[in-house]
Amino acid sequence: MIEAIWQYEFLRNAFIAGILIGLAAPLLGVFIVVRRLSLIADALSHVTLAGIAASLLLGKSFAYFTNWNPLYVGMGFSVLGSLFIEKLRAIYKHYQELAIPIILSGGIGLSVIFISLADGFNTDLFSYLFGSVSAVSRQDVWAVFIIACVVIGIILLLYKELFLLSFDEEYAVISGIRAKLIHFIFIVLVALVIAASMRIVGVLLISSLMTLPVAASIRIAKGFKQAIGYSILFGELSVIVGLLLSYQLDLAPGGTIVMLAVFILLIVIMWKKWKRG
């Protein structure tokens with residue numbers, strides 16, 4: 001397998017992108033879970049799918065759009081969806097959780113419309129749904145690399161603000177933190193990571209990579225920073241081992257990665273119970 005990675009460019013692309021996603025997705029996922037926004041990844045992934053379906057439809061209908069990378073259109077839709085979520089959370093101040101299912105429903109509706117206009121599924125769209133190792137291009141790797149660097153940089157820069165907003169938003173606002181701006185930056189980062197992760201994990205499974213490693217880490221972590229560390233560790237294990245197994249056993253990479261994340265979660269839960277006696 002190691003020889004194949006050096007031999008085939010698409011495998012190198014998949015592993016580099018996977019390692020970067022395994023770092024960025026759980027890193028944001030810790031803040032998402034703490035803020036009780038676990039379903040936001042599902043909502044934005046479906047909005048991203050709508051953007052990708054729209055891009056493929058345009059490419060099919062107009063020659064000018066044939067060479068467009070659907071991933072970038074999906075990122076644009078995802079960012080717009082994230083902004084709409086923040087707007088709806090401001091409108092429904094006492095029912096902020098409504099924002100996520102509203103955007104989720106809209107994303108699913110648009111996806112179905114665009115897919116039906118494009119006469120159903122095709123190979124490209126199917127790879128976005130469930131992930132595909134062979135579909136990861138060098139262009140995709142650079143996009144993931146840039147996004148991962150931006151995520152790490154902003155988390156390091158705004159760690160204190162994000163930490164306070166996650167655990168005590170009222171105190172953070174009183175302390176002078178610009179909550180709306182921080183929320184805006186954070187949700188845009190989430191949207192970009194979700195869109196960038198779709199090539200490896202797929203639309204239907206990306207939320208799992210953001211939440212399952214976090215669910216495992218919070219069972220054993222003794223602090224927030226330790227939870228971040230364990231989340232990244234479990235995320236990277238899921239991605240790397242999942243890609244290796246998917247290549248060796250000829251399985252869908254997205255499903256293999258997610259099932260490994262589930263397996264790690266079950267091991268952590270059982271180990272915790274055994275430790276308690």
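We number each residue from 1, following the sequence as shown.
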Does any part of the side chain of [Y], heavy atoms only, come nearer than 4.5 Å to the side chain of [X], both counted from C-beta?
{"X": "Ile220", "Y": "Val268", "result": "yes"}
{"X": "Phe15", "Y": "Leu244", "result": "yes"}
{"X": "Leu260", "Y": "Leu245", "result": "yes"}
{"X": "Ile218", "Y": "Val30", "result": "no"}
{"X": "Leu212", "Y": "Val258", "result": "yes"}

Is [Y] reachable from [X] through a run of hydrophobic residues whose side-chain heavy atoms are each under 4.5 Å from the next?
{"X": "Leu104", "Y": "Leu80", "result": "no"}
{"X": "Val73", "Y": "Met75", "result": "yes"}
{"X": "Leu44", "Y": "Leu98", "result": "yes"}
{"X": "Tyr159", "Y": "Val150", "result": "yes"}
{"X": "Ile100", "Y": "Leu165", "result": "yes"}

Pairs of donor and acceptor atoms involving the side chains of residues 228-239, under 3.5 Å and at least two apart or interchain, shall be tabulated with distances.
{"from": "Ser231", "atom 1": "OG", "to": "Ser217", "atom 2": "OG", "distance (Å)": "2.7"}
{"from": "Ser231", "atom 1": "OG", "to": "Ala227", "atom 2": "O", "distance (Å)": "2.7"}
{"from": "Glu236", "atom 1": "OE2", "to": "Leu23", "atom 2": "N", "distance (Å)": "3.4"}
{"from": "Ser238", "atom 1": "OG", "to": "Phe234", "atom 2": "O", "distance (Å)": "2.8"}

Would you tabulate the side-chain donor-acceptor contacts of residues 176-195 under 3.5 Å, counting partners in other chains and residues two or more places apart, or write 'none'?
{"from": "His183", "atom 1": "ND1", "to": "Arg35", "atom 2": "NH2", "distance (Å)": "2.2"}
{"from": "His183", "atom 1": "NE2", "to": "Glu169", "atom 2": "OE2", "distance (Å)": "3.2"}

For [X] and [Y], which heavy atoms make the closest approach, and how far apart are they?
{"X": "Met210", "Y": "Ala41", "result": "SD-CB, 3.9 Å"}
{"X": "Ile21", "Y": "Pro26", "result": "O-CD, 3.6 Å"}
{"X": "Ala53", "Y": "Phe114", "result": "CB-CB, 3.7 Å"}
{"X": "His46", "Y": "Ser111", "result": "O-OG, 3.2 Å"}
{"X": "Ala216", "Y": "Ile264", "result": "CB-CG2, 4.4 Å"}
{"X": "Val141", "Y": "Leu20", "result": "O-CD1, 4.4 Å"}

Find the distance between [atom1] ([X]) and [atom2] ([Y]) and round it off to the nearest 0.5 Å.
{"X": "Ile102", "Y": "Arg89", "atom1": "CD1", "atom2": "CZ", "value": "12.0 Å"}
{"X": "Leu117", "Y": "Leu58", "atom1": "CG", "atom2": "CG", "value": "10.5 Å"}
{"X": "Ser208", "Y": "Asp42", "atom1": "OG", "atom2": "CG", "value": "7.5 Å"}
{"X": "Ile257", "Y": "Ile240", "atom1": "CD1", "atom2": "CD1", "value": "10.0 Å"}

Check: Phe84 ring centre within less than 6.0 Å of Phe77 ring centre =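 No, too far apart.
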Partner of Leu265 under side-chain contact (heavy atoms from CB on, under 4.5 Å), chosen from Ile269, Ile267, Val262 |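 Checked Ile269, Ile267, Val262 against Leu265; only one passes side-chain contact (heavy atoms from CB on, under 4.5 Å): Ile269.
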Of all residues at least two apart in sequence or in a different chain, which pass the salt bridge (charged side-chain N to carboxylate O under 4.0 Å, His left out) check with Arg138?
->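 So Arg138 forms a salt bridge (charged side-chain N to carboxylate O under 4.0 Å, His left out) with Glu9.
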Does atom CZ of Phe263 have more than 12 heavy-atom neighbours from other groups under 6.0 Å away?
->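 Open: at most 12 neighbouring heavy atoms sit under 6.0 Å from CZ of Phe263.
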Side chain of Ser166, backbone of Leu162: donor and acceptor closer than 3.5 Å?
->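 Answer holds: yes.
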